[in-house]
2 protein chains.
Amino acid sequence: MHRRPTAKDVAEIAGVSRSAVSMVLNGRGAGNIAADKQTAVRAAAEQLGYTPDSVARSLRLQRTRTVGVVTDAIATSPFGGRLLEGAIAAAERHGYVLVVMDTHFDAAREEGAYRTLVDRRVDALLYAAMSYSRYRSPEVLQRTPSALANCVDSAGAVLGFVPDEVAGASAAAQVLVDAGHREVVLLAGDRQNETYDDLLAVPRREAGYRRALEAAGVRWQEPVRGGWEVRPGYEAALAVLQRDDRPTALLCGNDRVAAGAVLAACHLGLRVPQDVSIVGYDDDENFAAPMVPPLTTVRLPFREMGERAFEHVLALLADHDAPSPAGVGRGLEQSEVAVALECPLVERGSVAPPLTR
Amino acid sequence: MHRRPTAKDVAEIAGVSRSAVSMVLNGRGAGNIAADKQTAVRAAAEQLGYTPDSVARSLRLQRTRTVGVVTDAIATSPFGGRLLEGAIAAAERHGYVLVVMDTHFDAAREEGAYRTLVDRRVDALLYAAMSYSRYRSPEVLQRTPSALANCVDSAGAVLGFVPDEVAGASAAAQVLVDAGHREVVLLAGDRQNETYDDLLAVPRREAGYRRALEAAGVRWQEPVRGGWEVRPGYEAALAVLQRDDRPTALLCGNDRVAAGAVLAACHLGLRVPQDVSIVGYDDDENFAAPMVPPLTTVRLPFREMGERAFEHVLALLADHDAPSPAGVGRGLEQSEVAVALECPLVERGSVAPPLTR
DNA sequence: CTGAAAGCGCTTACAG
DNA sequence: CTGAAAGCGCTTACAG
């Protein structure tokens, strides 16, 4: 493993100075360097397989083209990867690279993560939450170009990219309304769980469901609260589906709950969707499409949150380098602390018109 | 946002030279710098919140304490995150940082990923596959300290950390044997899928199942092959459970298939585990524990693969810096191209003794 | 149009 | 025991 070629090596072969090779390779050759020397430089670089050392460049340019992403728990949900994929793809398109850290909800690890990222001179910071929640942005985020994904800043300083839950839930409920259902109950969990004490998706989904139902003149029934997993969904559905006034459709707070509901229907000898319609939420790849029957659900825009958050910091960086004339520009409006991304409805096989009784 | 403090700033406050602050802060002060000056340096650094610039350090030291990880598809499975978490945690413990890239099975993106990682002077490289498979290590991995996670190098050059599938499957089958089952059929998929043409888990799991069954004198039945998802599992189970010689237990190639089998049993009015026992594989957080009943399964050591692969490159790096006396050391044995990590059995509620008929 | 010099922020021999 | 100098590999004014 011999020494990597440097600009000096290229310069010697091409018979020019190091400055010349830098200019040529950075596209500033035209008008500065004679055409034949440019050719010589490119040839030499090619021959040697020369490519400039990023760390030297970073030191000189005072920017690393690296963005740090800290996440509360990549692996908690099947979605973390998608968010990361979106951010990675966007970074790749722009010649950036991501260093990712994971805090597992540990404040000390989080602080450490920010510190090492800052020491490593990342150009910008991203914070991503696995569940749609509130996040109090630490000071470092506020003085560095940054963005949040799947959470909103309770300090109101950093822009967050989040799912448009109320529109999504509204669309989910509308599917049921359109199919003719009048007896619909919502199966959901609490606003808190072990790791988040304020799950924003909960009230927003409920608001969306309720809005669509009430707009169609469908009676809003008190939600049945179990939890967010398969088993609570199973148990809640088991109870609801044995009531005298059994609903014709179940609106489930997420796809896991919906999967539990499918199982419960099955245990009660009820067919889905003929006897009971079920709609989920999340488009969880593990539960929605693979279910029997495949679930009608609403897709959470994880990939998009990652992409958009990355692109936002890129814009911030650009403003930074070239502030717009009047000092205004793409800067944040005071009101605009989050942008809501579409949650598209995905219709599959778990909804049918209600049986006329 | 004012200028970050540099060693020079600290030196001025402390009244020493820049070299002195470097020495002190790197723990080489003792015996070189007077005690009171050491104190002064530390105080000044503290006061300024000084912390050395990693990129300058990287340039000077010619190592970045960064390792590049390229993965075929982080988000394809719920496991990708766990592997990454393991690697990130190990990196964090050693003051390293990970830059992660994702190729989505695209050869051009993969090549690009390695190139940018090399340009960025990562100290080592990790390649992680989402399904246990073969990987032909590119040349760059062979001339850089590196390791594979969840795949084995078909070129035999780079050490891979993989699950011990045969032992795991053997344990899964043994649970059934111990419970008294004699009629067991395996529900599984093919050795290929859309993205991998050689899924190593398949033959190994089958070998493990078979070994345990035959050792116990249980007849080995031809596996029923559907696929690796819930629906194929459902369909295969539906067929098998309606046979005249209905087995008393189903050994499922993974937890999704097992979930499908649970659903099929339910549709046929068969109780799990009383009428039919089911065991899965993977300990898929989405399907195993949350299932009704919770699945007995085998855990895939994703976190461990990430950790061990990282630690391996660390060891390689150490050898690199300080080659062992005789030139030998922790180098790879010719035979040792992969280390198999334990897949622990996790017993839950889907296995019971067979009904005596 | 081109090359020599300075400097990004560090660390490590090397003189004193 | 301490400071001045060199140098990691680049890029960008600045002289010529």
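Every chain is numbered from 1, with letters handed out A, B, ... down the list of sequences.
A/His104 and B/Glu85 share a side-chain donor-acceptor pair at under 3.5 Å. Counting only N and O atoms by type, the side chains of B/Thr66 and A/Arg120 include a donor and acceptor under 3.5 Å apart.
Atom CG of A/Asp53 and atom C1' of C/dG9 are 15 Å apart (whole Å). A/Arg60 has its CZ atom 11 Å from the P atom of C/dG9, to the nearest Å. Taking atom CZ of residue A/Arg120 and atom P of nucleotide C/dC10, one finds them 14 Å apart after rounding to whole Å. Here C/dT2 presents its C1' atom at 7 Å from NZ of A/Lys37, a figure rounded to the nearest Å. C/dG9 atom C1' lies 15 Å from atom CG of B/Leu48, rounded to whole Å. The nearest whole Å value for the distance from the CG atom in B/Leu61 to the C1' atom in D/dG9 is 15 Å. Rounded to whole Å, the distance from CZ on A/Arg4 to P on D/dC10 is 8 Å. The distance from atom CZ of A/Arg65 to atom C1' of D/dC10 is 15 Å, rounded to the nearest whole Å.
Of the residues in residues 7-27 of chain A, A/Ala7, A/Arg18, A/Ser19, A/Ser22, A/Asn26 come within less than 4.0 Å of DNA chain D through at least one heavy atom, sorted by number.
With B/Asp153 as the fixed residue, the side-chain contact (heavy atoms from CB on, under 4.5 Å) test singles out one of B/Val337, B/Leu148, B/Leu141: B/Leu148.
Residue A/Gln62 places no side-chain N or O under 4.0 Å from the OP1 or OP2 atom of C/dG7. Contact check, A/Arg57 against D/dG9: no side-chain N or O comes under 4.0 Å of OP1 or OP2.
Nearest heavy-atom pair, B/Tyr50 versus B/Pro5, reported as atom, atom and distance to 0.1 Å: CD1-O, 3.4 Å. The two atoms that bring B/Asp123 and B/Arg65 nearest to each other are OD2-N, 2.6 Å, heavy atoms only.
For D/dA15, the paired nucleotide is C/dT2, the pair qualifying as Watson-Crick or G-U wobble because both relevant distances are below 3.5 Å.
Note that the CG atom of B/Asp102 and the CD atom of B/Glu110 stand 11.0 Å from one another [nearest 0.5 Å].
Between B/Tyr96 and B/Phe310, the two ring planes are perpendicular [angle over 60°; tilted spans 30° to 60°].
Comparing D/dC8, C/dC8, C/dT11 by their closest approach to the side chain of B/Leu59 singles out D/dC8.
Where B/Ala35 and B/Ala56 each meet DNA chain D at their nearest nucleotide, the meeting point lying more 5' is that of B/Ala35.
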